[in-house]
Amino acid sequence: MAESGLLQIRDPLRPYGKPVGIDLGTTNSLVAYVDDAGQPHAIPVSAEGDVLCPSVVHYLEDGSTIVGREAREKAATHPHETIASVKRFMGKGPNDAETQRLGHYRFAQQPGDAIVRFDVGSKIVSPVEVSAEILKHLRRKAEAALNDKVGGAVITVPAYFDDAQRQATKDAGRLAGLEVLRLLNEPTAAAVAYGLDRRAQGTFAVYDLGGGTFDISILRLVDGVFEVKSTAGDSALGGDDFDRALAEALLEQISPALGRDLRADPYAVQAALFAARAAKHELTARESTVAVLPLAERRVEVEVTRAQFESLIAGLVQRTAVACRRALKDAELTPAQIDGVVLVGGSTRLPLVRRFVAEIFGGKQPLGDIDPDQVVALGAAIQAENLAGKPREDMLLLDVIPLSLGVETMGGVVEKIIHRNSTIPTSAAQIFTTYADGQTGMDIHVLQGERELVQDCRSLARFRLSGIPPMPANMGRVQVTFAVDADGILSVSAKELTTGVEQSITVKPSHGLTDEQVEDMLIASLENAEEDVAVRLAAESKVEAQRVLNDLHKALKSDAALLAAGEREAIAAAEEKLAAALQTHDHDRINLAISDLDHASSEFAKRRMERAIQGALAGHSVDEFGE
Amino acid sequence: MADHFETLGVTPSFRLDEKALEERYRELTRLLHPDRHAAGGPTARRLALEKTIAVNDAFRALKDPARRAAYLLKLRGIDLGEAGAQGAGRFLPPAFLMDVMELREAFDEARAAKRTADVEKLAAQVRGDRARALEALGAAFDRNDDEEAARQLSVLRYYDRFLGEVRAWEDEAFEENHG
């Protein structure tokens, strides 16, 4: 076949830069990659070689940011300008319970706002923008350390994150200029790091207690396939809550002596949280410690014993048992049928947590020998390499949707359409009937959760269908298809069945940003960075073009026999047009040429896929066809 | 559009080798999963997503005997709906409904009095009844008696709903103790 020459521009093994895995954590974030020998490594993000980057963003007066340890050091003196634990606010609304908890944030809500916003002095920012600053920082550090471009990222999310939280994370990735290859559930990522390391087989429970979230996933590992059987959790329970419980107790204890309510003072709150976190770390290895609070009046020291601390957090740790039990029941397993328990997240270092996990899973000693802070990022790096680097033929991750999806029906009742723990990607179709003569529109309210009533579930979005052909009442039958992709994110399409007319859909996210808002933010951030917007957009399109060309050349090489008459010529013509477009910085032109090339080769792609399926159904093994 | 049996390439039947079905599912998934086509063009990625969704949905509908029975009956013109006991009433014999009412009364009493052991005993009894209904369901399919199959499936779903309520009650009690 005619080589276009484009392939020779870059190393064909990784033509688009280095894929990375990012653990965007509540307390700390990490970035990792896989080396040429196939080993995953966390990338140092500080001059001292630390791989943990505190997930803290400090905003300076000119609106620019400091991220990481330096930012965390600003928290004591600038509580409002410094945002920590932003993950807890991803996909949350202004009245969410999360905003009412002990904290040092200054919220700035505009009427009608669907999301939380922070007032950081120099500007008002959303959690998506704050997270994007952390991701940008990690990307820059990775590019400096690897001396290569970052070519796409797998970003991990708690398995129990709902649709709005996932979408917010994806938006943050996009805003940070990353190609988000996949959102990967944190426990699944940890299982990958463990499973591939040991070539393990069997049924495992991953107990992941991080800074702000708790997940439990039950997985089965067979021949490189990681099949999640069930997942459960609490997306607002983690080490932060332990800190807060101790901080509250400290503030309550000290307030009378100082004659004022310290909980109303953001500086005191910040000092107490800081002291509590330090005490928690100390108490992991020791029986008692001294919490030190540098307050405005004087420095206060309070002795804290491990027993005291454990009694403060025992109720919180107990709460994880509810999710563990549910995950086991949903997987139809008993604790005795679990072959091993993997511990993930910094909070699993606490002796109380370790004892508790051993007890829940029938005395099995949990595995924790891969650093629980790093294991998620390492797993994400392996999956990133699998998706955009050198794919591992034997590895496949099959995950599930953590919470049921439903639609609002008469009387404020939720009708479930996709049940929790269904393997993704998945879809469900529902038929809605028009109720008025000549009705041309329809509103569909989608919710996520297990409860029966609308008010007890989480509102995801309202989808407004329009363009239904006018018909008498009850005659219009609109089939709405809900599809959940491999990231666990929902999309909706609709078609009137009598006429076959597709409906256009406007999405109004309940706690998220619209596509236009993300686009605007992206353009604004590029303008701020004085980056050329056109060049940046063109660069993104060129990456996609390379991918399409690469894949097509591979396909033409192995399956030329499947080409129909004239097809090769049409493909070559479209390819030439794309090659010409790639000489420009016109991203619209490049995108159009990609789409034309894809169109010219789409029947060929379909035939290849069909042949592969027929091969599998005819009982051939996977290896007998393909290349 | 292909039906679920065609999607997985198996002969429509209630009796099928669940292990072979699972292997087939895995094999197709390895081939079609979006992760396998992440480096493909837009058409390949879209097809991968669509096909994987079809395979996942088909496997979910066929791997569980009760769902498989419902799907098979639907293909043969008896639509009992997706799940739950709605629409199944017309197949249930009056004597069964009497039994169910008694069972329900016993459950409500035990639940109200928080007699956990009694609830467990009832649940064990219903699990036994369910196993018998499943056997009768298979036998009805073997005789190509779709009406009887629909009846047994309706009975089985009634038991499942009961067991679901037992689980919800147990979950609630557990959560109260670990709130």
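Letters A, B, ... are given to chains in the order of the sequence lines, protein chains preceding strands, and every chain is numbered from 1.
- Contact annotation for A:Pro391: neither backbone nor side-chain heavy atoms come within less than 4.5 Å of a heavy atom of chain B.
- Look at B:Asp160 and B:Arg167 and you find no salt bridge, because none of the NZ, NE, NH1 or NH2 atoms lies under 4.0 Å from a carboxylate O.
- For A:Ser601, no part lies near chain B; criterion is any non-hydrogen pair under 4.5 Å.
- The contact between B:Asp171 and chain A is made by backbone and side chain atoms together, counting heavy-atom distances below 4.5 Å.
- Annotation: cation-pi pair B:Arg68/B:Phe14 present, NZ/CZ under 6.0 Å from the ring centroid and within 45° of its normal.
- In this structure, the portions of B:Glu170 lying under 4.5 Å from any heavy atom of chain A include both its backbone and its side chain.
- For B:Leu8, the part lying under 4.5 angstrom from a heavy atom of chain A is the backbone only.
- The residues A:Glu179 and A:Arg547 are annotated as salt-bridged, a charged nitrogen and a carboxylate oxygen being separated by less than 4.0 angstrom.
- Around atom NZ of A:Lys495, no more than 12 heavy atoms belonging to other residues, nucleotides or ligands sit under 6.0 Å away.
- Using a 4.0 Å cut-off between charged side-chain N and carboxylate O, B:Arg132 and B:Asp129 make a salt bridge.
- The most heavy-atom pairs under 4.5 Å with chain B, out of A:Leu597, A:Leu387, A:Thr426, come from A:Thr426.
- Checked for salt-bridge contact, A:Asp223 and B:Arg26 miss the test: no charged N lies under 4.0 Å from a carboxylate O.
- Highest contact tally toward chain B, considering only A:Met609, A:Arg326, A:Lys606, is held by A:Met609 [criterion: heavy-atom pairs under 4.5 Å].
- At a 4.5 Å heavy-atom cutoff, the contact between B:Leu47 and chain A is made by backbone and side-chain atoms alike.
- Only the side chain of A:Glu610 has a heavy atom closer than 4.5 Å to any heavy atom of chain B.
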